[in-house]
There are 2 protein chains.
Amino acid sequence: MTQKAREYYKDNPQFYVAVDCIIFAFENDELQVLLQQRNFEPFRGEKTLLGGFLQAGESLEEAVQRVLRIHTGLTNIYMEQVGTFSALDRDPGARVISTAYYALINKNLYDSTLLKEYNGEWVSTNHLPSIHFDHTKMIEQAREQLRRKISFSPVGFNLLPPSFTLAQLQRLYEVILGQEIDKRNFRKRVSEMQFIEKTGMIDKVSSRRGASLFHFNMEKYNMTHEFKLK
Amino acid sequence: MTQKAREYYKDNPQFYVAVDCIIFAFENDELQVLLQQRNFEPFRGEKTLLGGFLQAGESLEEAVQRVLRIHTGLTNIYMEQVGTFSALDRDPGARVISTAYYALINKNLYDSTLLKEYNGEWVSTNHLPSIHFDHTKMIEQAREQLRRKISFSPVGFNLLPPSFTLAQLQRLYEVILGQEIDKRNFRKRVSEMQFIEKTGMIDKVSSRRGASLFHFNMEKYNMTHEFKLK
DNA sequence: AATAAAAAGTGTAAAAGATACACTCATTAT
DNA sequence: ATAATGAGTGTATCTTTTACACTTTTTATT
């Protein structure tokens, strides 16, 4: 590289770059998000999203997957970039540019023993506690992005167990969209999508009669890519 | 701050942070984007988006407005964040994290004398030339984001002069959505939105008969926030 | 054994929204 | 006077969305 080219970069400042993860899960008819009550400095005692600093050899997506692995034990988690936040005073400790990603996990599969280690807690997105930094804004933006996405893309299945009842699926949609859905209309729309398949198994836990368990067939979905549900 | 808190930041690497601007304009029935053919190192001769490095005292949005002002002479330009790109090798000269923003300008109002200074050129988004870095991906993502947005939010008016004919507005939508629109249906939808107002002026340039000029009344729009056009 | 309780499962009609479609009008150039 | 150009306008059909109520299956209770 020429001297000029080196200066092109060198004349500019560098910044800490972080990722913050809005980890969503669905339980008790609530969309929940994983927070941590920090038991370390700085900002000990404050509630924040789970996050971490970008390291030299990794992309933002790799940093997110690292943070997710550490805190949930899971790999290959579905995630989506929400946005990058750069207000001068967003982190009072130092100038940090942070990119938020939301992630969708199935709470049954993740390693809940990790919770204690980092002082994590699940909270409902319906009544968020007071949260540090600009993390409340990140959560709201992520929730809105998920709401817009879920009607046209089969991302919601990441929040459910591999097999689920139609009642569970409907409740998930009702909670994320924030409105009641007519049962017959909902099921009509589901039945038009052949990639939402009856497994033949019956769930006897949630009802006396028993409800058919379904699962999302990703391969079949990939053939059509036609999804619409609300 | 405690020693611990200082280490919290100091143990982490820092990065160059940049912004890249997808500056869109509408002319000759094309959605165009402003590129520069670099006449400086590094990557002299390559085509890139207009961008710049984040400076210490500014947010990403301020950096974008700075870049936009320098290259178009305009301030207060409509813009929206597209996403942040962080692949390890995206800039072969150094590790740079870059956030892309698209901006919408009216080509009649901007300072075109600046073009020569930085070797800028407008290209149609329909047949993009070969562009350096990951900038092609940024442009495609921005174009898609604009396409999704324009039907439900009155952002397209930023690409038109303050007053415009309905034919102009329709062509804008046809080009961005990538499909022909029925004239009567389009006008029916426009006439339902009272904030798209007839100015009383007649444009005699584009037709013999003359066409009514309309303008977008932002104040009226803010009262309803109901927009739908496709 | 009969009954009550709980959630699963199922079809049709009306309303709303989206789409298809063709001619007249006003002006200017020839 | 006439031809050419783009502006302007309404209705009928199709598609999609919404509203709506009862029967079925099983278990717990008496």
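Reminder, nothing fancy here: chain letters follow the sequence lines and each chain counts from 1.
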Would you say the base of D/dT5 and the side-chain of B/Arg209 have a donor-acceptor pair closer than 3.5 Å? no
Is there a side-chain contact between B/Ser212 and the phosphate of D/dG8, meaning an N or O under 4.0 Å from OP1 or OP2?
yes
Between CD1 of A/Ile202 and P of C/dA6 the distance, given in whole Å, is 21 Å
Please determine whether a side-chain nitrogen of the Lys or Arg among A/Arg66 and A/Glu62 lies less than 4.0 Å from a carboxylate oxygen of the Asp or Glu.
no
Assert: residue with more 5' nearest nucleotide on DNA chain D, out of A/Lys228 and B/Thr165, is B/Thr165
Q) Can you find an N or O donor on one side and an acceptor on the other, under 3.5 Å apart, linking the side chain of A/Arg208 with the base of D/dA28? A) no
A/Lys204 NZ to D/dT24 P, in whole Å, measures 17 Å
Decide, yes or no, whether a salt bridge links A/Glu121 with A/Lys47 under the criterion of side-chain N to carboxylate O below 4.0 Å. yes
Rounded to whole Å, CD of B/Glu180 lies from P of C/dC21 at a distance of 13 Å
Rounded to the nearest 0.5 Å, the OG atom of B/Ser112 sits from the CH2 atom of B/Trp122 at a distance of 10.5 Å
Under a 4.0 Å heavy-atom cutoff, the residues of residues 181-200 of chain A touching DNA chain D are A/Asp182, A/Arg184, A/Asn185, A/Lys188
Closest non-hydrogen atoms of B/Ala103 and B/Ile77, given as atom of the first, atom of the second and distance, are CB-CG2, 3.9 Å
Rounded to whole Å, the CG-P distance (B/Asp29 to D/dG6) equals 12 Å
From CG of B/Asp203 across to P of D/dT5 the rounded distance in Å is 18 Å
CD1 of A/Ile22 to OG1 of A/Thr125, rounded to nearest 0.5 Å, is 12.0 Å
d(B/Phe85 CZ, B/Arg90 CZ) to nearest 0.5 Å is 8.0 Å
